[in-house]
Amino acid sequence: MSEKKGLSGYWKTTFLIGLGFFTMGLMDPLYDTYVPMFLGSFIESQALVGTVMTLDNVLAIFLIPIFSALSDRTDTRIGRRMPYIITLLPLAAIFFALVPFSALESLVFLCITIFMLNIFKQAVRGPVVALMPDMVPSELRSEANGVINTMGGLATILGTVLLARLMDVKVHVPGFGERDMILAFPVASVFVLVAVILLFIFVKEKKSTVAAADKGEKEEKEPLLKSLKEIFSEKEKSALFILLSLLCWFIAYQGILPFIGEYTATELGASSGVAALSAGMVGIAYAIFAVPSGKFAHRYGRKKTIRGALLAIVIVLLLVFLHGTLTAGMNASFRLYSFWVLLFLFGIFWVTVVTNSFPMLWQMADYQTIGIYTGAYYFFSQLASIIAPPLAGGSIDLFGYPALFLFGLVFMLIALILMRFVHRGEPEDD
């Protein structure tokens with residue numbers, strides 16, 4: 001009874017916080033689908049494209065933990081996370097809009113633009129994510145994370161299913177004439193700016209420090225390095241192993257995602273506008289199954305749910321790896337649609353992992369270290385984004401596009417093995 005009452009009491013707040021995730025869900029799939037294509041117009045090697053895609057993340061791996069920790073220590077009239085959100089997200093939107101135009105200029109201009117975009121986008125990611133556990137009780141965070149991941153999934157659908165079709169529309173660019181591969185980025189940036197305005201108006205952060213009230217704690221300012229050291233020096237190593245596990249599953253995901261659009265266009269013959277629908281299938285599954293996956297974990301346990309989802313992903317990736325061979329000679333529409341079905345299944349189990357892994361890690365933190373643990377999560381996920389694209393691109397160069405999915409399968413399997421050593425993270429472990 002109390003759980004149902006609590007969830008309904010925080011539904012509106014969680015939905016509004018989800019606007020921050022909406023902005024990430026809108027930009028990330030378009031970025032991951034089309035930036036490799038922009039780079040590919042200048043660079044032939046897929047391994048080199050993957051390397052360029054990681055250059056921005058080299059700084060992001062430091063920015064996310066730093067800004068997460070800074071937001072822990074920030075105290076303003078509008079809250080501790082909101083100052084970063086209302087300044088950094090609009091800057092990210094501006095540079096996001098400039099990406100396709102910079103690709104018309106030169107490789108150097110394109111690299112500078114995506115570098116600046118990711119500086120702002122990755123710096124704000126930690127404060128955006130840490131906003132939810134500040135305001136929602138620990139026992140409700142799986143369900144709440146499902147709601148905000150649904151917002152991210154809806155944004156992915158908007159970006160990849162609807163806005164991506166604008167990439168096939170020709171527009172007049174002064175100095176370059178009629179061009180396609182432009183329009184989705186500036187339109188998406190407008191949605192990001194609107195989401196930031198709504199988030200600022202309706203989320204009153206200062207009045208909602210529920211997590212602190214739950215524990216009756218006063219916020220203390222722990223040094224960043226000391227706090228990070230404490231995560232890894234604990235005798236019980238659950239936090240360490242879940243971080244290592246998420247490193248592996250993000251290596252798999254970040255290795256596949258940047259090349260999925262090119263795979264769809266090159267191997268399955270889709271147009272550039274349709275190619276983004278491959279990532280869109282994952283987004284649709286995200287939107288539909290984020291909340292149910294949180295509820296499922298609340299009932300059956302986060303650890304069991306994540307382990308089961310990882311096993312299912314391994315099976316799905318094996319089927320995707322075999323898809324090209326099994327469907328060879330069949331008509332193009334069947335090959336494309338069956339590929340999308342497999343990606344939809346992948347999305348179901350992927351959102352189950354993502355929705356419940358963050359609450360597990362937050363469960364191992366306290367109020368004053370929520371941002372530190374959030375930063376650690378993104379440190380490892382961004383490390384994956386540095387490691388994965390060059391390795392995945394290299395596997396494509398050496399063995400062809402199907403090797404991309406075998407690459408993902410191996411790292412998902414390693415993540416599944418590492419999750420066996422995680423023993424904490426349930427609400428009762430408080």
Side-chain angles (χ1 to χ4, degrees), residues 22-43 46 48-60 63 88-125 152 155-156 158-196 254 257-262 265 271-273 275-280 283 382 385-386 389 393:
F22 181 90
T23 64
M24 300 298 171
L26 192 59
M27 290 189 288
D28 287 347
L30 289 172
Y31 178 90
D32 290 331
T33 299
Y34 292 111
V35 169
M37 294 184 184
F38 293 143
L39 291 169
S41 64
F42 299 101
I43 303 170
Q46 293 299 323
L48 187 54
V49 168
T51 300
V52 174
M53 287 287 287
T54 67
L55 292 179
D56 54 284
N57 293 317
V58 173
L59 282 180
L63 288 173
L88 297 175
L89 258 182
L91 289 169
I94 292 170
F95 280 97
F96 188 77
L98 292 175
V99 167
F101 300 100
S102 67
L104 296 176
E105 291 286 348
S106 67
L107 177 60
V108 172
F109 193 40
L110 174 61
C111 289
I112 291 172
T113 303
I114 63 176
F115 177 79
M116 294 303 297
L117 162 64
N118 280 276
I119 289 296
F120 295 118
K121 183 162 66 79
Q122 305 295 2
V124 77
R125 194 181 292 266
T156 299
L158 174 63
T160 58
V161 178
L162 298 177
L163 295 185
R165 303 309 297 269
L166 297 176
M167 298 298 273
D168 290 331
V169 177
K170 291 184 180 295
V171 295
H172 181 76
V173 181
F176 295 95
E178 297 293 320
R179 296 284 184 147
D180 58 4
M181 297 284 285
I182 296 288
L183 203 52
F185 281 73
V187 172
S189 294
V190 173
F191 280 99
V192 172
L193 293 173
V194 171
V196 172
Q254 296 289 352
L257 198 64
F259 299 103
I260 198 71
E262 285 195 61
S271 70
S272 58
L277 285 173
S278 294
Q382 288 300 310
S385 70
I386 292 171

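Owing to the predicted nature of the structure, the values given are computational and were not obtained by experimental measurement.
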Is any side-chain heavy atom of [X] closer than 4.5 Å to a side-chain heavy atom of [Y]?
X: Thr156; Y: Leu26; result: no
X: Leu110; Y: Phe42; result: yes
X: Phe101; Y: Thr113; result: no

- When you look at Val99 and Met27, which way does the side-chain contact (heavy atoms from CB on, under 4.5 Å) test go after all the steps? CA-CA 11 Å; Val99 167; Met27 290 189 288; over 6 Å; no
Listed pairs under 3.5 Å, donor-acceptor, residues 182-193 side chains, sequence neighbours left out:
| unit_1 | atom_1 | unit_2 | atom_2 | d |
| --- | --- | --- | --- | --- |
| Ser189 | OG | Ala93 | O | 2.7 |
| Ser189 | OG | Ala97 | N | 3.2 |
| Ser189 | OG | Phe185 | O | 3.1 |

State the [atom1]-[atom2] distance between [X] and [Y], to the nearest 0.5 angstrom.
X: Leu117; Y: Gln122; atom1: CG; atom2: CD; result: 8.0 Å
X: Phe259; Y: Thr33; atom1: CZ; atom2: OG1; result: 12.0 Å
X: Met181; Y: Ser41; atom1: CE; atom2: OG; result: 8.5 Å
X: Leu63; Y: Asn118; atom1: CG; atom2: CG; result: 10.0 Å
X: Ile112; Y: Leu98; atom1: CD1; atom2: CG; result: 12.0 Å

Suppose we screen for side chain to side chain contact (heavy atoms under 4.5 Å, CB included). Which residues come up paired with [X], at least two apart in sequence or across chains?
X: Ser385; result: Asn57, Gln254, Gln382
X: Ser106; result: Val108, Phe109
X: Ile43; result: Leu48, Val49, Val52, Leu107

- Task: Would you name the heavy atoms of Met24 and Pro29 that are closest together and state the gap between them?
- Result: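 Answer, listing the atom of Met24 first, then Pro29: O-CD, 4.1 Å.
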- If you look at every heavy atom in Thr23 and Ala195, which pair is closest and at what distance?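 Distance-wise, the nearest heavy atoms are CG2-CB, 3.6 Å.
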- Sequence-distant partners of Phe120, ring-ring contact (aromatic ring centres under 6.0 Å, His included), two or more places apart: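 Testing Phe120 for ring-ring contact (aromatic ring centres under 6.0 Å, His included), a comparison that skips the adjacent residues, returns Phe95.
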- Query: Listed by chain and number, what are the ring-ring contact (aromatic ring centres under 6.0 Å, His included) partners of Phe22, not counting sequence neighbours?
  - Reply: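 Scan of Phe22 (ring-ring contact (aromatic ring centres under 6.0 Å, His included), adjacent residues dropped) gives none.
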- Message: Applying side chain to side chain donor-acceptor pair (under 3.5 Å) as the test, list every pair that has at least one member in residues 163-179; sequence neighbours left out.
- Response: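 Qualifying pairs, neighbours excluded: Asp168-Ser272.
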- Message: Run the side-chain hydrogen bond (donor to acceptor under 3.5 Å, both in side chains) test against Asp180 and tell me which residues pass, sequence neighbours left out.
- Response: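 Counting only residues at least two positions away or on another chain, Asp180 forms no side-chain hydrogen bond (donor to acceptor under 3.5 Å, both in side chains).
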- Message: Once salt bridge (charged side-chain N to carboxylate O under 4.0 Å, His left out) is applied, do any residues pair with Asp28, and if so which ones, sequence neighbours excluded?
- Response: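 Checked Asp28 against salt bridge (charged side-chain N to carboxylate O under 4.0 Å, His left out); matches are Lys121, Arg125.
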- Can you pull the salt bridge (Lys or Arg N to Asp or Glu O under 4.0 Å) pairs that have at least one residue in residues 94-113, sequence neighbours excluded?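 Every pair satisfying salt bridge (Lys or Arg N to Asp or Glu O under 4.0 Å) with a residue in residues 94-113: there are none.
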